[in-house]
Amino acid sequence: SDVGSQKERVVTEEEWLQKWEMGNIGFHKEEGHPLLQKYLDVLLNGRSGLRIFFPLCGKAVEMKWLADMGHSVVGVEISEQAVKEFFSEHSLPYCEEPVPEISGAKMFQSTSGNISLYCCSIYDLSSSIVGKFDGVWDRGALVAVNPCDRQRYASLMISLVEKNSSYLLVTVSYDPNKHKGTPFYVPESEIKTLFG
């Protein structure tokens, strides 16, 4: 697959943190993502009380929306600023505690207990730390992961989902020779290779 000049491109954790510090977060949608509303039935599949994972969650408003529906939401985000903004923008009280298994990591949990956001690298997570999930809303994670890390990312995600889980994935289609990413271009053929 021709991914143009993107194959070797790497965006560092520092660059992501800087985007948050500078407010350069054009990827954040204040109103939530229309595709989640459109395909919510696919994600939920008639089930209630699901555990839903938001990889590279930022301060996605959909986390509160799904929690308000009675689901348990877990997210991971490298930016502590993003996590704290999520709670403050929704006026949600929370507590903060270290994650013993991950050096330097913190977990922010709503006092209601139904939203838990891990502040660390996604690659530090495992099912022994966060458990397994019935659903995943991957709105901007796979397309943000460095192309060289995609296999590692997909393997982790597969290890975090239950057998009958639903995985909603949003990608973008464009000529990768004309845009250096992020979001990165991930061709459908590669998604099939990664996730089967």
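We use all heavy atoms of the structure for the numbers below, so side chains are in, but hydrogens, waters and symmetry mates are not. Along the sequence shown, residues are numbered consecutively beginning with 1.
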**Item:** Hydrophobic cluster identity match, L35 and M63, side-chain contacts under 4.5 Å
**Value:** yes
**Prompt:** Got a second to check how far K84's NZ is from E89's CD, nearest 0.5 Å?
**Reply:** 14.0 Å
**Message:** Can you give me the closest heavy-atom contact between A82 and E77, atom names plus distance?
**Reply:** CB-CG, 3.9 Å
**Prompt:** Given the rule in the side-chain contact (heavy atoms from CB on, under 4.5 Å) test, do L142 and L169 qualify, once you have shown the distances and angles that lead to the verdict?
**Reply:** CA-CA 8 Å; L142 180 63; L169 171 66; 3.8 Å; yes
**From R139 atom CZ to C57 atom SG, the distance as rounded to the nearest 0.5 Å** = 11.0 Å
**Request:** Could you go through the side-chain contact (heavy atoms from CB on, under 4.5 Å) check for H90 and V61 one step at a time?
**Result:** CA-CA 8 Å; H90 294 285; V61 297; 3.9 Å; yes
**Item:** K192 and E188 ion-paired at < 4.0 Å
**Value:** yes
**Asked** In chain order, what residues pass the side-chain contact (heavy atoms from CB on, under 4.5 Å) check against E13, with sequence neighbours excluded?
**Response** I78, S121
**Prompt:** If two hydrophobic side chains count as joined below 4.5 Å and joins carry through other members, does F54 share a cluster with Y39?
**Reply:** yes
**Prompt:** Do the side chain of N146 and the main chain of V11 share a donor and acceptor less than 3.5 angstrom apart?
**Reply:** yes
**Side chains of Q81 and E85, donor plus acceptor under 3.5 Å** = yes
**Request:** Starting from the C-alpha separation in whole Å, work towards a yes-or-no answer on side-chain contact (heavy atoms from CB on, under 4.5 Å) for F133 and S165.
**Result:** CA-CA 7 Å; F133 299 97; S165 65; over 6 Å; no
**Item:** Sidechain-backbone polar pair: Y185 side chain, V172 backbone, donor-acceptor under 3.5 Å
**Value:** no
**Request:** Using modelled atom types only, decide if a donor and an acceptor are shared between the side chain of N45 and the backbone of R47 within a distance under 3.5 Å.
**Result:** no
**Message:** For residues F53 and M107: do they belong to one hydrophobic cluster (side chain heavy atoms under 4.5 Å, members Ile, Leu, Val, Met, Phe, Trp, Tyr)?
**Reply:** yes
**Prompt:** Is there side-chain contact between S126 and V130, with heavy atoms separated by less than 4.5 Å?
**Reply:** no
**Sequence neighbours excluded - salt bridge (Lys or Arg N to Asp or Glu O under 4.0 Å) pairs with any residue from residues 105-124** = E80-K106, E96-K106
All N/O donor-acceptor pairs, side-chain side in residues 156-163, below 3.5 Å, sequence neighbours left out:
from: S159; atom 1: OG; to: L156; atom 2: O; distance (Å): 2.6

**Fill in**
Output for pair (L40 CG, L36 CG), nearest 0.5 Å, gives 5.5 Å
**Co-membership, hydrophobic cluster, residues V170 and F195, 4.5 Å side-chain** = no
**Item:** Nearest heavy atoms of A144 and L56, plus distance in Å
**Value:** CB-CD1, 4.2 Å
**Request:** Flag the pair L92 / I115 as yes when at least one side-chain heavy-atom distance between them is below 4.5 Å, and no otherwise.
**Result:** yes
**Message:** Can you tell me how far apart CD (E15) and OG1 (T182) are? Round to the nearest 0.5 Å.
**Reply:** 9.0 Å
**Asked** Is any side-chain heavy atom of V136 closer than 4.5 Å to a side-chain heavy atom of I52?
**Response** no
**Message:** I'd like to know whether D138 forms a side-chain hydrogen bond (donor to acceptor under 3.5 Å, both in side chains) with Y153, so could you lay out the CA-CA distance, the side-chain angles of the two residues, the decisive distance to 0.1 Å, and finally the verdict.
**Reply:** CA-CA 12 Å; D138 185 335; Y153 173 81; 2.6 Å; yes
**Fill in**
OG of S79 to NZ of K59, rounded to nearest 0.5 Å, is 9.5 Å
**Asked** What residues, two or more places apart in sequence or in another chain, satisfy salt bridge (charged side-chain N to carboxylate O under 4.0 Å, His left out) together with E21?
**Response** none
**Prompt:** Which distance, rounded to the nearest 0.5 Å, do you find between the CG of L168 and the NE2 of H33?
**Reply:** 11.0 Å
**side-chain contact (heavy atoms from CB on, under 4.5 Å) evaluation trace for L194 with R150** = CA-CA 8 Å; L194 290 169; R150 278 186 198 145; 4.1 Å; yes
**Asked** Hey, are the side chains of S166 and L44 touching, using non-hydrogen atoms and a 4.5 Å cut-off?
**Response** no
**Request:** Write out all pairs satisfying ring-ring contact (aromatic ring centres under 6.0 Å, His included) with one or both partners inside residues 92-125, taking only residues at least two apart or from two chains.
**Result:** F87-Y94, Y94-F108
**Fill in**
Taking every heavy atom of I122 against every heavy atom of P55, the minimum-distance pair comes out as CD1-CB, 3.7 Å
Expected list for residues 65-74: side-chain donor-acceptor pairs under 3.5 angstrom, two or more places apart:
from: D68; atom 1: OD1; to: K64; atom 2: NZ; distance (Å): 3.3
from: D68; atom 1: OD2; to: K64; atom 2: NZ; distance (Å): 2.6
from: H71; atom 1: ND1; to: L50; atom 2: N; distance (Å): 3.0

**Message:** Would a single hydrophobic cluster contain both V186 and W137, if residues Ile, Leu, Val, Met, Phe, Trp and Tyr are joined by side-chain heavy-atom contacts under 4.5 Å?
**Reply:** no
